[in-house]
Protein chains: 2
Amino acid sequence: MDKKTAEAMTPCTGCPLLNCSGLKQMDVDRMLEVEAFKQGEIALERGGQLLTQGTRSNEIYTVLSGVLIRFRLMEDGRRQIINFLFPGDLVGLQAMLDEPMTHGVEALTPARLCIFPRDGFIEFVGRNPGMGYDVIWLAAKEESALEEHLVALGQRNARERIAYLALFLVKRAEGTCLASDGRVEISVTQGQVADMLGLSLVHTNRSMQSLRREGLVRWSLNAIEIPDPEAVSQYVRYDPNLSGPRPYL
Amino acid sequence: MDKKTAEAMTPCTGCPLLNCSGLKQMDVDRMLEVEAFKQGEIALERGGQLLTQGTRSNEIYTVLSGVLIRFRLMEDGRRQIINFLFPGDLVGLQAMLDEPMTHGVEALTPARLCIFPRDGFIEFVGRNPGMGYDVIWLAAKEESALEEHLVALGQRNARERIAYLALFLVKRAEGTCLASDGRVEISVTQGQVADMLGLSLVHTNRSMQSLRREGLVRWSLNAIEIPDPEAVSQYVRYDPNLSGPRPYL
DNA sequence: CGTCACCTTGATAGTTCTCAAGGGTCGTGG
DNA sequence: CCACGACCCTTGAGAACTATCAAGGTGACG
């Protein structure tokens, strides 16, 4: 079964991201510039692989819809999920380096991405100072997210990590119009949570139950629900700073 | 006592980084361009703070000499060290965002940095396509390093984390001509190691002793020594991929 | 000599992992 | 329609790892 299909291109002027209030407004000039550089689109279904660790890629992507994960595998099979990718996110700055990718990318939900060629990307970005700023913005924010995750793994216990991740995902989803009222509908497996937070599956399960009993976080296979985000924010001592609207290419 | 002093500027043509084989060669044109944009220099002594979490910064830096750490504090005093900064590293891409810094930066050894103004930085980089590539290179590599750290915190036990960190630091130092023969002379406190690896001080101490007894890693207050890097690399299942020479600004 | 910053050790408690087993749902093929 | 496999969640119990508390020990330095 094919989990990765090339698709017809939708014009940037009809970009689904335009309607999301969490994303930065884009003027028409820039849309045309982006559209001219855009190479195509790709559609993935749940579980489909976009990038494979260890291979090179000649493409850079922007997420049009769906949620994906970026992860790293170790030889012995363990895996560490590095981060989640939401609509508007830039995938594969790594690819610019022309070295084997140090991580893989896989779709968590059906997803659709916009393809840019690696060659000429720098010049493309350089043509427009706003775009250079946006790329740096995205890179800096990505780094900042990894910092948060590092703090979570380094300083928090199991329950706090899970609550942190739930809050992170819900807020991130709200910022990209995938969530409202503290609820996102994505199916994240307990195994995936464990792989992200450095916990065993069993312990993840028990900690989640405990959070559920207390009504802090309700995490099912279909959705994540946080009745009182403020309470969770205090509990994990994490302020999901959404800052301004996110730019995208 | 002042731990942060402005200093006279050394010309880029006499840049100490030019002599290090681990760093990319730079042509004179570009050196002149950089020198024209450079705003000054700053010298820090051990323990000096370059950036303070929660404040804004109008400057971006390149490390000329010394080693620094980037860390994040929590309200309750815990801290997570995010990464180490070596000569040639770019500090403060975050600062481009004009938001409060999410981390602080502190010198681990006496250090010297080159100052660039935030305003006009994008245009400065855009003037030269090679420079745009280099900034992306550095950002991508920084991200890649954080990924490695995440893997360490998420998937490895105490001994492995410490061995990993030692190897990471030695290789990184070798790449910037601060180390040779698997030995770097930097003083990293056991408390700092604990803060980086998410371990308690006591457990860090015991694990280090265990590694020392087995001759894998000898980590004292003055230096880190790895008699057989290959063995450690296998032990922690981490390949310190130095890739090509690092660019810098 | 006293202080400070760092490393070391012992004992105990708490967290998290591993192993082992069972149960639920869903789609597929006989 | 039912059996089966695939995938996911759940529970119990013991072992392993790591944190915490409490005390000492060392060397540098004023």
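In what follows, chains carry the letters A, B, and so on, assigned in the order in which the sequence lines appear, proteins first and then strands, with residues in each chain numbered from 1.
Sorted by first then second residue, the disulfide bond (SG atoms under 2.5 Å apart) pairs that include residues 40-89 of chain A, not counting sequence neighbours, number zero.
Taking the six-membered ring where the residue is Trp, B/F168 and B/H149 present perpendicular rings, their angle passing 60° and hence far from 30°.
For the contact set between residues 205-215 of chain A and DNA chain D, defined by any heavy atom under 4.0 Å, the members are A/N205, A/R206, A/Q209, A/R212.
Nucleic acid contact class of B/S200 (heavy atoms, under 4.0 Å, all strands): base. Residue-level contact check: A/L201 touches neither bases nor backbone, having no heavy atom under 4.0 Å from any strand.
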Just the atom pairs and distances: protein N or O near nucleotides 26-30 of chain D's N or O, under 3.5 Å.
none

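For A/Q155 and D/dA19, the CD to C1' distance is 13 Å, given to the nearest whole Å. Between the NE2 atom of A/H203 and the P atom of D/dT11 there is a distance of 15 Å, rounded to whole Å. Separating the CG atom of A/N157 from the C1' atom of D/dT20 is a distance of 15 Å, rounded to the nearest angstrom. Between the C1' atom of D/dA19 and the CZ atom of B/R78 lies a distance of 13 Å, rounded to the nearest Å. A straight line from CG of A/L221 to C1' of D/dT10 spans 14 Å, rounded to a whole angstrom.
The residue from B/L167, B/L169, B/L216 that alone fulfils the side chain to side chain contact (heavy atoms under 4.5 Å, CB included) condition with B/I226 is B/L167. Among A/L90, A/L51, A/V105, the single residue meeting the side chain to side chain contact (heavy atoms under 4.5 Å, CB included) criterion with A/Y61 is A/L51. Applying side chain to side chain contact (heavy atoms under 4.5 Å, CB included) to B/L113 and the options B/L44, B/I60, B/D89 leaves one that passes, B/L44.
Of the charged side-chain nitrogens involved, at least one lies within less than 4.0 Å of a carboxylate oxygen, so that B/D76 and B/R78 count as a salt-bridged pair.
Counting only distance, with no hydrogens or angles, the side chain of B/S207 and the backbone of B/H203 share a donor-acceptor pair below 3.5 Å.
The outermost nucleotides of DNA chain C lying under 4.0 Å from heavy atoms of chain B, listed 5' to 3', are C/dC6 to C/dA11.
B/R156 forms a cation-pi arrangement with B/Y164, by the criterion of a distance under 6.0 Å to the ring centre and an angle within 45° of the ring axis.
Taking OG1 of B/T204 as the start and CD of B/Q209 as the end, the distance is 11.0 Å to the nearest 0.5 Å. For the atom pair CZ of B/R72 and OG of A/S144, the computed distance is 5.0 Å after rounding to the nearest 0.5 Å.
Among residues two or more places apart in sequence or in another chain, the ring pair (Phe, Tyr, Trp, His ring centres under 6.0 Å) test is passed with B/F86 by none.
Each end of the helix from C/dC1-D/dG30 to C/dG30-D/dC1 gets its own axis, taken as the rotation carrying the C1' atoms of four end pairs onto the next four within a five-pair window, and the two axes meet at 20° to the nearest 10 degrees.
Other residues, nucleotides and ligands contribute over 12 non-hydrogen atoms within 6.0 Å of the CG atom of A/N157. Taking a 6.0 Å sphere around CG of B/D181, one finds it holds 12 or fewer heavy atoms contributed by other residues, nucleotides or ligands.
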